[in-house]
Amino acid sequence: MTWLLTGGAGYIGAHVLRAFGAAGLPVVVLDDLSTGDPQTVPEAVPLVRGSVTDPDAVRAVLADHEITAVLHLAAKKAVGESVAMPLTYWWENAEGTRCLLQACVEAGVETFLYSSSAAVYGMPDVDEVTEDSPTRPMSPYGETKLVGEWMLRDAARAHGLRWIALRYFNVAGAGAPELADRSVSNLIPLALRALTEGRPPQVFGSDYPTRDGTCIRDYIHVLDLAEAHVAAARALEGGATFGVYNVGRGEGSSVLEVLDAVREQTGRDFTPDLVGRRAGDPARLVASAGRIAAELGWSARLSLADMVASAWAAWQRH
Ligand code: WQD
């Protein structure tokens, strides 16, 4: 099987490429390089520059490289930006997935691994969300990710695709110092940037109904996340027909606990700046990670300390 990895030049893509390489899974990258860095794509991996919204580019790469399976990572992923620019998100994420699926059906590609998000759940009223919890996304970003799952489900029924969707929780860390998350839009990179700029990290809301008043999330190391893709790819290659899986550790950390890890790993002391709530934040979003362990044999190995330490090493180099 040859895999097409869309968005393979991005932060998560770079890690998945290395994991696929180590697992011996042949892969080709399609990336429009709007945010990706071609230097993170290993030399042995063919890199085709093009957008998933461009039917000709997609058809060409599927045919030229005899692609038999697709891992669709290419997407825009900033929640706040998606509220400000919803139509861009509907185009890039929803139309991008539709266009790619259409080309896959035409080309006879039957295996599809989809990068989804915990943002599909919105504000759950349970301590640990399972894959069967209600999906009530609260942003255009989350909506477009959920619609992508629906398109896949429908195309699978009609055209016989086999598919898996992985719902990522809060991805953090770096597998190597040169593989930093450059987007600086999430808590850990924002905290590291604040510290290097001589400011205390901000805490968005300290009056939530949680153990210390700050929001709780399920942080997952990008290296573990990459391994989850290998497990899903192997399952599909082995004949799995479909599945939707949470990718998290099943363990919640509050913002203050993350900042404690930042203090420990950077060796820099600070008093966090407690500011107001950020609109749209659920108090708690933690995965039930049982299904992926039971069905794909994957579970996370790395800790919050590993995430922060590796993010810090990458941040300093970046
Ligand atoms: C984490 C917590 C903030 C910055 C988003 C998407 C989700 C997934 C991951 C891709 C929240 C708080 C943050 C800061 C803070 N993305 N915070 N100070 O919003 O949980 O998840 O990214 O699929 O789908 O929704 O991640 O890192 O922005 O925030 O206190 O400077 O940290 O309020 O509670 P989020 P985040």
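Counting starts at 1 for both ligands and their atoms, following the listed order.
Y208 carries R277 over the face of its six-membered ring, with the cationic atom under 6.0 Å from the centre and within 45° of the normal. For the pair K145 and Y89, the cation-pi test (distance below 6.0 Å, angle within 45°) is failed.
When Y141, Y219, F169 are ranked by how near their heavy atoms come to atom 2 (C) of ligand 1, first place goes to Y219. Of the candidates I188, I216, D281, it is D281 that places a heavy atom closest to atom 33 (O) of ligand 1. Around atom 34 (O) of ligand 1, the closest heavy atom drawn from C215, A78, G122, P189 belongs to C215.
In this structure, the side chains of D56 and R59 come closer than 4.5 Å at one or more pairs of heavy atoms. When side chains are defined from C-beta on, P86 does not count as touching E143, because their heavy atoms never get closer than 4.5 Å. For the pair L62/E106, no side-chain contact is recorded, criterion being any heavy-atom separation below 4.5 Å from C-beta on. The shortest side-chain heavy-atom distance between D224 and W298 falls under the 4.5 Å cut-off.
For atom 29 (O) of ligand 1, the closest non-hydrogen atom of the protein is R278 NH2, 3.5 Å. Among all protein heavy atoms, the one lying closest to atom 27 (O) of ligand 1 is L187 N, 2.8 Å. Looking at atom 12 (C) of ligand 1, its nearest protein heavy atom turns out to be V255 CG2, 3.8 Å. Ranking the protein heavy atoms by distance from atom 20 (O) of ligand 1 puts R217 NE, 2.6 Å first. Nearest to atom 26 (O) of ligand 1 among the protein's heavy atoms is N170 ND2, 3.1 Å. Nearest non-hydrogen protein atom to atom 5 (C) of ligand 1 is N186 ND2, 4.0 Å.
Checking only distances, Q202 does come within under 3.5 Å of ligand 1, N or O to N or O. The shortest N/O to N/O separation between F204 and ligand 1 falls below 3.5 Å. The distance criterion of under 3.5 Å between nitrogen or oxygen atoms is not met by K77 with respect to ligand 1.
Side chain to side chain, D32 and S34 meet the donor-acceptor criterion of an N or O pair below 3.5 Å.
Counting non-hydrogen atoms of other residues, nucleotides and ligands closer than 6.0 Å to CD of Q39 gives a total of 12 or fewer. Residue F204 places its CZ atom among more than 12 non-hydrogen atoms of other residues, nucleotides or ligands, all under 6.0 Å distant.
Residue-ligand proximity, V203 to ligand 1, at heavy-atom distances under 4.0 Å covers atoms 30 (O). Residue A119 approaches ligand 1 through these ligand atoms, each under 4.0 Å from one of its heavy atoms: 24 (O). Shown in contact with S117 at under 4.0 Å from a heavy atom are these atoms of ligand 1, numbered in order with element: 10 (C), 23 (O), 24 (O). Applying the 4.0 Å criterion to heavy atoms of V79 picks out, from ligand 1, the atoms 6 (C), 25 (O).
At least one donor-acceptor pair under 3.5 Å links the side chain of H221 to the backbone N or O of L223.
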